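The structure under discussion appears below in the form of structure tokens.
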Protein chains: 2
Amino acid sequence: MATHQTTIIDIAHALGISKSTVSRALTGHPNVNEKTRQRILDMATQVDYQRNQLAISLLTNRTGTVGIMVPEFISFFFPKVIIGVQEEMARSGYNVVICHSNESYETEVANAKALLASRVDGLIVSHTKETRNFDHFKVFQRKGIPVVFFNRVCEDMNVSNVTVDDYNGAFRAVEHLIQTGRRRIAHLAGPDTLMNSRNRLSGYRDALTQYGLPVDPELVIAYDLNLDKANIYVNHLLNLPNPPDALFAMNDPTALEALNVAKHRGISVPDDLAIVGFSDDPISSLIEPGLTSVSQPVGELGQQAAQLLIRQLEAKEDEFQPERIVLPTSLIVRGSTVRSDATILPQLPHPRPLP
Amino acid sequence: MATHQTTIIDIAHALGISKSTVSRALTGHPNVNEKTRQRILDMATQVDYQRNQLAISLLTNRTGTVGIMVPEFISFFFPKVIIGVQEEMARSGYNVVICHSNESYETEVANAKALLASRVDGLIVSHTKETRNFDHFKVFQRKGIPVVFFNRVCEDMNVSNVTVDDYNGAFRAVEHLIQTGRRRIAHLAGPDTLMNSRNRLSGYRDALTQYGLPVDPELVIAYDLNLDKANIYVNHLLNLPNPPDALFAMNDPTALEALNVAKHRGISVPDDLAIVGFSDDPISSLIEPGLTSVSQPVGELGQQAAQLLIRQLEAKEDEFQPERIVLPTSLIVRGSTVRSDATILPQLPHPRPLP
DNA sequence: CTGTTAGCGCATTCAG
DNA sequence: CTGAATGCGCTAACAG
């Protein structure tokens, strides 16, 4: 189906001039006669001339394109990050190609190769839950192509990244549950391949400890975030001889599943079971009862990641230092943890991971 | 920041052979000595060689990449379509670059130019609600680059497209409302720039007419799908001297807004106001009451669009005929229109637009 | 089996 | 101000 695309040579021939002049006119070079320039521009429009970015990129060794790779984009989180990235990159004249690893390590590796082959100038990435080996990203580093991680970051690569304060968010969530009277607080965690999953787990543990509550291993389940299985774990927790009176879930979709299970079992939320999620999905404010959730600045996550990348793209090879940005979270309290007449006690100041 | 990437010439030099042989070994050409091939492959791995797709595309005049452009991707609809497209294109060895026009005509035009410049082999697109002029897509046609529309299609371009049966979906939705006893059914429609918006409006009108109900212009509002304003229109309808007893909304987000307004005003759904949406967003089954909605096969929409594009990409220039695929919709009945004890009457057979 | 050559479309020297 | 020449990295004839 491939057809001939008009080139500067076509325009040059049509006008009886050299392709150099056409090139100059098209790129806005000053040294072109005004009349000639106008004739060239007119002709270009007339024949639907469209510059061949492939040729230019090959020549200049820059594509003006960066990649962003995310593990999924059905929930609102990653799409919103992507929009933030695009806004910011567009402002600096970069295009963004979006890749979707679908939580598959294999796909992630394949995508990384494709991005490398298409010579992106940089990469923004949140890795899959299967990813333990980061060689496919280290290649970028070795080749001098900037990489920025966000949300799910790789610790043992010396690159920029932007995350939210997962530890603090989790701590505040659990603290809130304690302050509203819960004593057996379960945690449905993510896989320990994920940095943010580990940090949220630490926040959960430390909050319990600092408030003098035991950490019962029975109440902590790490799962693979496969939503289809969430209800199994929730049911398991509720079937325990000594069931939890609260659940802190790794993310909102998981918390929503829990809410559903509770509803089906006739368990009253928040009276018999309080539930807290993470990310403040728009759904959380629409359902009944509303889901209490740890909110994170999603769009800003993308913007900051983009800014880090741009800074690195525009830095001299040797004068660049990786930066790590941590954005704040905040707890949005809704009906899944408190009835409107409840009172909330003061918080501990500045929780930090125990040494 | 740009650094030198290893090329086949580097490998050739390192091994003291010609770049042609390297090229042959790397592309799997049979005429290469097995030992030489192995040495080349080893060296390639060792130096992180990654083919330069730019050079190959420039040479072959094929990028193996197609673009998909969508107007938004916060709601579940477009992401899910994109996933369907990617699956299908990957199966045929194509990459997909995702573009986001953000419902902005200007951005759409800019994206189209960028895709043209980067020489995509084909394009799958759902246009913005602002788009009235399709010149930026017609350029693709003129250059022999296949274009497939989906969801929001352009009627006056002779290209393939895939849609759902919006007319029928709307008809069945309104029929359902009539059969459950509603007589003043309002329609919060989309802008008339959108094909699907117009078709849903027709289905709404014809259902009323065929069931002998008047079409009251007062009850039909076309709006720009800007969710922030949805509540204004819903309130306007509910404030009418003779307010509606049912609302058929253009899409689920709009219907959810309506549900919210009703809740705030203390209007009972479904008793005083029945509400139906379109697309069956996952949220619709989570909220209380559940939202009755016209479901469409979203993933399949993407797959079919991809298949149409692939068929065209692989067809001979002249033997290709545009195809138009219409996928079925089905009504998912939930609590926003019926209490569980309600009975539903039989439907009219095969509704079709009135001539 | 392997090396040489040409050229994809373009920006950019270097000469006029 | 303009044209001719060069080369980005690669594949595909074309000769050995």
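What you see is a predicted model, and the numbers here were worked out from it, not measured in a lab. Note that these values count all heavy atoms, side chains included, but never hydrogens, waters or copies made by symmetry. In what follows, every chain begins at residue 1, and chains take the letters A, B, ... in the order their sequences are listed.
Looking only at atom types and distance, the side chain of Gln307(A) has a donor-acceptor partner in the side chain of Glu88(A) under 3.5 Å away. Between the side chains of Glu87(A) and Gln303(A), at least one donor N or O sits under 3.5 Å from an acceptor N or O.
When rounded to the nearest whole Å, the span between CZ of Arg62(A) and P of dG9(D) equals 16 Å. Rounded to whole Å, the distance from CG on Asn61(A) to C1' on dA11(C) is 14 Å. Residue Arg51(B) contributes atom CZ, which lies 10 Å from atom C1' of dT11(D) at whole-angstrom precision. Here dG3(D) presents its P atom at 14 Å from CD1 of Ile11(A), a figure rounded to the nearest Å. Atoms CG (Leu58(B)) and C1' (dC8(D)) sit 9 Å apart, rounded to a whole Å. At whole-Å resolution of the value, CG in Asn31(A) and P in dG16(C) are 18 Å apart. Whole-Å rounding puts the Gln5(B) CD to dC10(D) C1' distance at 14 Å. Between Leu26(A) atom CG and dT12(C) atom C1' the separation is 15 Å, expressed in whole Å.
Candidate nucleotides dT2(D), dC10(C), dC8(D) were compared by shortest atom distance to the side chain of Ile8(A), and dC10(C) ranks first. Ranking dT2(D), dG9(C), dG3(C) by closeness to the Asn52(A) side chain, first place goes to dG9(C). Distances from the side chain of Ile17(B) to the nucleotides dT2(D), dG3(C), dG9(D) place dG3(C) closest.
In this model, the phosphate group of dC10(D) is approached by a side-chain N or O of Tyr49(B) to a distance below 4.0 Å at OP1 or OP2. For the pair Ser20(B) and dT5(C), the criterion of a side-chain N or O lying under 4.0 Å from OP1 or OP2 is not met. Phosphate contact (OP1/OP2 of dG3(C), side-chain N/O of Thr21(B), threshold under 4.0 Å): present.
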(request) Apply salt bridge (Lys or Arg N to Asp or Glu O under 4.0 Å) to Lys138(B) and Asp48(A), showing your working. (result) CA-CA 11 Å; Lys138(B) 290 179 182 164; Asp48(A) 285 333; over 6 Å; no
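Contact of Ser18(A) with dA4(D) (side chain to base): no donor-acceptor pair of N or O atoms is detected under 3.5 Å. At a cut-off of 3.5 angstrom, the base of dG9(C) holds no donor-acceptor pair with the side chain of Arg119(B).
Heavy atoms of Leu59(A) sit under 4.0 angstrom from at least one base atom. Using a 4.0 Å heavy-atom cutoff across all strands shown, Thr7(A) reaches sugar-phosphate atoms only and no base atom. Residue Leu54(A) is classed as having no contact, given no heavy-atom separation below 4.0 Å to the nucleic acid. No engagement by Ser57(A) is indicated, since no non-hydrogen atom pair under 4.0 Å with the nucleic acid exists. Asn33(A) comes within contact range of the sugar-phosphate backbone alone, with a heavy-atom separation under 4.0 Å but no base atom that close.
Toward the 5' end of DNA chain D, the nearer of the two residues Thr36(A) and Lys19(A), judged by each one's closest nucleotide, is Thr36(A). Between Arg37(B) and Thr27(A), it is Arg37(B) whose nearest contact on DNA chain C lies nearer the 5' terminus.
Taking the six-membered ring where tryptophan is involved, the planes of Phe149(B) and Phe137(B) are perpendicular, since the angle between them exceeds 60° and thus also 30°.
Centroid-to-centroid, the aromatic rings of Phe76(B) and Phe76(A) stay 6.0 Å apart or farther.
Each of Ile68(B), Val125(B), Thr163(B) was compared with Phe150(B) under the side-chain contact (heavy atoms from CB on, under 4.5 Å) criterion, and only Ile68(B) meets it.
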